[in-house]
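Okay, so here's the structure we're looking at.
Below, chains carry the letters A, B, ... as their sequence lines are ordered, and counting in each starts from 1.
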There are 2 protein chains.
Amino acid sequence: MGTELDWGQIQQDLENTNTLDELSGVAFRLRAMLGIEHLTYHWVDGAGDQYGCTTYSDTWEERYRDKNYHRIDPVILGCFQRFHPVDWKSLDWSGKVAKAFLQDAQSHGISNQGYSIPIRGPNGQFALFTVNHSCDDETWQQFISTYGRELILIAHYINRKALEFEKERQPESPRGLSPREIDAITLLALGYSRAQVAHSLSISEHTLRVYIESARSKLGAQNTTHAIATALSRGLIVV
Amino acid sequence: MGTELDWGQIQQDLENTNTLDELSGVAFRLRAMLGIEHLTYHWVDGAGDQYGCTTYSDTWEERYRDKNYHRIDPVILGCFQRFHPVDWKSLDWSGKVAKAFLQDAQSHGISNQGYSIPIRGPNGQFALFTVNHSCDDETWQQFISTYGRELILIAHYINRKALEFEKERQPESPRGLSPREIDAITLLALGYSRAQVAHSLSISEHTLRVYIESARSKLGAQNTTHAIATALSRGLIVV
DNA sequence: TTTCTACTCCCCAGAAACAGCGAGGGGGTA
DNA sequence: TACCCCCTCGCTGTTTCTGGGGAGTAGAAA
């Protein structure tokens, strides 16, 4: 494994990256710089419309998507509730499905040591940056303590780049919700009924419905529950 | 301004920080290390229940809270929609309220140059790390390009510490949901009606209701919408 | 073996949410 | 000034959800 990263080069490299495909090249070059076996940036989208760049095999990538593994992968589930980087060893692999997943992963070339960094952006965006290698625990510990800070920064910069691409992909500007709309759906998300919300906000239930309706249409949601879920996952409201 | 940060010392300092009050000490020491006038970590909570650590005057801090400035502060509004760090100059200060806010801030000792880094954690947590100084544009540019990466890391580590404090404040042990229950509420969160969900899962609508009911009671939720919001914010389902 | 949990199905009546309509006042922006 | 968005209130009927109840299977855990 190398000893020091050339940040000028990394930033230059990212600067010259203009498409998602080119990001894969960055992944491979970073892998070489770090001297590890695998490196992945994975934008996690609940709908399964996920992408990123990886040095894993295409086979595994496809399999992961086909099997909807992002719903059971302990790495994703664990990181989703954490802020700090996570060593795979500290995750919960006790479940039956988790064990089967682990076995399947290893049979597709995923190494035993892993370290994943959760990254979050606006509107509830969530991504994972992962380094993966096969070695003993001590060597791995050494690697993490040497490169821990650098890995956080790499995760940050790659995500920044990915968000740029995303912005180009969907220039739709999701209009924000008005304060009253936010109040309304926040209280609904807290379990209040319409009547209770209307009372809390000191407005009539009819008025309340107008807010819910407009929030729903702004969010492109099918129904109230969908609107709440959308607002939550976009980070428009906090419960 | 200094030239190189001693990360060992910074991490040690954070390690020894066990309360929110002690975090203020860290802020002052970091300010000295960076050789700037002000430094702020600010946890932004939609409900206004915000806290953090700052080297700003208590007067300004109180005023900020009293006036609910977090609702109009262009720094917060701007950073909330961005991922990358933001120089205050690139924000939109054109509004009337924004100008008044800026003037008020400067009359309370806030310097002209500012650089804010948005940070996000699980469950929609959002915080800002800001450095503030008075100097000309060129000097400031120099400072940012020298310390940009370090500032990102400082923001990361302080936020990690703040989240630890927060977790101590509200410990909870959520029982997991069964696979069928997860399927059910996930589809509901995606906007499906009961009938559609039942059809998708190839079960009767009656059965579906049992799942929703049991999920609701496990989550301690008042109604279906509440259950979905709870599951989402606990990271039990992903949409 | 017993016990527990997960999964499946069924009934009913009342409460709540839904969809779509219209209308007026206030405030800021162009 | 005109325009747009936000906030507020109103009506009606239809669809859906809610909250009780009970009951049987299979598999895993104790």
Touch class at under 4.0 angstrom, heavy-atom based, for B/Glu205 against every strand present: sugar-phosphate
Sugar-phosphate only, base, or nothing, as touched by B/Ser214 at under 4.0 Å among non-hydrogen atoms: nothing
A/Tyr56 and A/His42 aromatic centres sub-6.0 Å: no
Shortest side-chain distance from B/His206, nucleotide among C/dA6, D/dC17, C/dC10: C/dC10
A/Thr224 or B/Pro179, whichever maps to the more 5' nucleotide of DNA chain C: B/Pro179
A/Tyr211 side-chain proximity, nearest of D/dC17, C/dC18, D/dC7: D/dC7
Where protein sits on nucleotides 19-30 of chain C, one letter per nucleotide: B base, S sugar-phosphate only, - none, heavy atoms under 4.0 Å: BB----------
Ionic contact status for A/Arg65 with A/Glu62, cut-off 4.0 Å: no
Sugar-phosphate, base or nothing in reach of B/Arg180, heavy atoms under 4.0 Å: sugar-phosphate
Sequence-distant partners of A/Phe80, ring-ring contact (aromatic ring centres under 6.0 Å, His included), two or more places apart: A/Phe126
Touch class at under 4.0 angstrom, heavy-atom based, for A/Thr207 against every strand present: base
A/Tyr192 atom OH: more than 12 heavy-atom contacts under 6.0 Å: no
Of the listed nucleotides D/dT18, C/dA17, C/dC11, the one nearest the side chain of A/Ser193: C/dA17
Options D/dT8, D/dC7, C/dA6, nucleotide nearest the side-chain atoms of B/Lys218: C/dA6
